[in-house]
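Worksheet for the structure shown next.
Residue numbering restarts at 1 for every chain, and letters A, B, ... go by the order of the sequence lines.
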Protein chains: 2
Amino acid sequence: MPRKPIKNSKGGRKTVHAYHHGDLRRALVDQGTKLVQEQGHPSITVREVARRTGVTHTAAHYHFRTREALLAAIATRGFEEMTASLESAMRAATGARSRLALLGEAYVRHALRRGRLYQLMFSAETATRDAHPELRVASDRMFALLVDAIRDGQETGLVRGGPPVDAALVAWSAAHGFASLSLERRLMLPGLQGRENDELAAIVLRGAFEGIAIA
Amino acid sequence: MPRKPIKNSKGGRKTVHAYHHGDLRRALVDQGTKLVQEQGHPSITVREVARRTGVTHTAAHYHFRTREALLAAIATRGFEEMTASLESAMRAATGARSRLALLGEAYVRHALRRGRLYQLMFSAETATRDAHPELRVASDRMFALLVDAIRDGQETGLVRGGPPVDAALVAWSAAHGFASLSLERRLMLPGLQGRENDELAAIVLRGAFEGIAIA
DNA sequence: ACCTGAACACCGTTCAAGT
DNA sequence: ACCTGAACACCGTTCAAGT
């Protein structure tokens, strides 16, 4: 595999092997993210990521001691991007109610759009999170967004009292559960088959908010 | 496919030809199920399953053309067992309300108890279900249980009207989402940390039923 | 510090061959 | 029909060595 000569940003006279001059790590995460989105993390290999980046696989191992560490780095960035995406969606809010609605919709939409990357983010394979503190930080930050929006809702008299985390857990479970089931193709069931994802997502989000019981 | 290299735990397993006499297939699923529950499906290998069963790995390939087919068979049995477990739990019901409550509790409890097997059942790796019709049948049957319980609830005036599948989807999303997050160790968050799974499960199930909004 | 090349043990899958 | 043994092309990880 031929390396494409790239201009050295700090001078431009030297042709350098590839992007990697202090940034091979980032390049690997870039290519890894692409690969995950194409094929899903179970079939991702360190060797293929290295190949696509134009380096030997041992070079990749220099930056990521294990395959899991590489996946964790990819997942971490995924959480950061998702957090940014949710924050951006909520900026259009006019009040606590629309904040919650926008957040829920944005969550499911982003999850489904990212698909395999979202699945990696919540995969048990990256779940030895004690070994990957940045991953924990990134996912904690995303959950905090949820809790904040719920707290807002409580203060506006929209959401029941009690610890905000409790209500956040309900909403999160519903949104994550729906996204997971959809991505795992478990929604191909009689009565659900063929219906739009947006319609089903709305039903689930409304259900978590209003409940399925008769008041 | 990428598998973590596993140290050959116990040197040479003795070949016990007596085991398989027309039922090697079943024996492989038995051992495979055990292995999944011990280590999780990502690190399961056809070769190790065969080793534990006392046959060559090519014998396993005779019964399961691919690794995915073996995993699908394991997942199928998992669904059948879970369906039976849910049915059994509901037999203690005294009415539609307790039926729903028992079903929800049993679902989450079974999922958490089976852990890695449940994760396999809902893994995208076995999601090429068109290729594994028994898997589809088994999982459809489990979902049908949910829908039936919801329909019962509607007829008793407990659950809102509309298509029963819609309300079932809400409850399923919440239950599955909570189980998944718990199994993926994503509940180690400020405010949730250290609380009992049973308590959190009850919150989620009640939330799906009654909603988080103020009536 | 950063990357290469060779080596090791393991894997999924295929194929010819035995019973 | 059912299973074995050998072979192939992959893989994650480690190590000595180069720059």
Side-chain angles (χ1 to χ4, degrees), chain A residues 1-3 5-6 8 10 14-29 31-32 35-36 39-74 125-126 128 131, chain B residues 1-29 31-32 35-36 39-74 125-126 128 131:
Chain A
M1 177 159 298
R3 299 156 165 181
I6 268 190
N8 190 338
K10 309 182 177 143
K14 241 187 6 185
T15 53
V16 124
H17 321 309
Y19 353 66
H20 29 98
H21 230 67
D23 240 2
L24 175 54
R25 192 191 156 89
R26 168 179 296 273
L28 289 167
V29 176
Q31 292 298 327
L35 206 51
V36 165
Q39 318 194 337
H41 70 273
S43 51
I44 210 190
T45 71
V46 176
R47 286 172 112 110
E48 177 67 17
V49 173
R51 225 173 273 136
R52 293 207 182 188
T53 314
V55 293
T56 61
H57 60 277
T58 40
H61 263 99
Y62 177 79
H63 292 279
F64 301 99
R65 278 202 322 267
T66 61
R67 175 179 116 97
E68 189 189 281
L70 173 57
L71 291 178
I74 296 169
E125 283 188 78
T126 57
T128 29
Chain B
M1 300 301 134
R3 296 276 87 74
K4 235 192 333 198
I6 297 166
K7 300 274 189 278
N8 199 347
S9 41
K10 274 110 203 174
R13 215 142 275 240
K14 275 301 154 226
T15 48
V16 188
H17 295 276
Y19 206 27
H20 26 95
H21 238 72
D23 238 1
L24 175 54
R25 192 192 155 88
R26 169 179 295 273
L28 289 168
V29 176
Q31 292 298 326
L35 206 52
V36 166
Q39 319 194 336
H41 70 273
S43 51
I44 210 189
T45 71
V46 177
R47 287 170 112 110
E48 178 66 18
V49 173
R51 225 173 272 137
R52 294 208 181 188
T53 315
V55 293
T56 61
H57 60 277
T58 41
H61 263 99
Y62 177 78
H63 292 277
F64 301 99
R65 276 203 322 267
T66 62
R67 172 179 182 272
E68 189 190 282
L70 172 57
L71 291 179
I74 296 169
E125 283 189 78
T126 57
T128 27

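The phosphate of D:dC2 (OP1 or OP2) has a side-chain N or O of B:Tyr62 nearer than 4.0 angstrom. Between A:His63 and C:dC3, a side-chain N or O to OP1/OP2 separation shorter than 4.0 Å is present. OP1 or OP2 of C:dC11 has at least one side-chain nitrogen or oxygen of B:Arg51 nearer than 4.0 Å.
Evaluation of the side chain to side chain contact (heavy atoms under 4.5 Å, CB included) rule for A:Arg65 yields no partner, not counting sequence neighbours.
Rounding to the nearest 0.5 angstrom, the gap separating the CG atom in A:Leu70 from the CD atom in A:Gln31 is 11.5 Å. Taking CZ from B:Arg51 and NE2 from B:His57, the interatomic distance works out to 9.0 Å, rounded to the nearest 0.5 Å. How far CG of B:Leu35 is from CZ of B:Arg52: 4.5 Å, rounded to the nearest 0.5 Å. Interatomic distance, CZ of A:Arg25 versus OG1 of A:Thr53, reported as 13.0 Å (0.5 Å rounding). Atom CG of B:Leu28 and atom OH of B:Tyr62 lie 13.0 Å apart (nearest 0.5 Å).
Regarding A:Glu48, its CD atom lies at a distance of 10 Å from the P atom of D:dG12, rounded to whole Å. In this structure, CG of B:Leu71 is placed 12 Å from C1' of C:dG12, rounded to the nearest angstrom. Rounded to a whole Å, the CG atom of B:Leu70 is 14 Å from the P atom of C:dC11. As rounded to whole Å, 11 Å separates atom P of C:dC11 from atom CD of B:Gln39. Atoms CZ (B:Arg25) and C1' (D:dC3) sit 16 Å apart, rounded to a whole Å.
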*Does the pair A:Val49 and A:Phe64 meet the rule for a side chain to side chain contact (heavy atoms under 4.5 Å, CB included), with working shown?*
CA-CA 12 Å; A:Val49 173; A:Phe64 301 99; over 6 Å; no

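A:Thr58 contributes no side-chain N or O that, together with a main-chain N or O of A:His61, makes up a donor-acceptor pair within less than 3.5 Å. A:Arg67 contributes a side-chain N or O that, together with a main-chain N or O of A:Ile44, makes up a donor-acceptor pair within less than 3.5 Å.
The strand DNA chain D forms stems, runs of 3 or more Watson-Crick or G-U wobble pairs with distances below 3.5 Å, at C:4-8 with D:12-16, C:12-16 with D:4-8.
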Any protein N or O atoms within reach of nucleotides 13-19 of chain C? Criterion: under 3.5 Å, listing atom names and distances.
{"unit_1": "C:dT13", "atom_1": "OP2", "unit_2": "B:His61", "atom_2": "NE2", "d": "3.0"}
{"unit_1": "C:dT13", "atom_1": "OP2", "unit_2": "B:Arg67", "atom_2": "N", "d": "2.8"}
{"unit_1": "C:dT13", "atom_1": "O4", "unit_2": "B:His57", "atom_2": "NE2", "d": "3.1"}

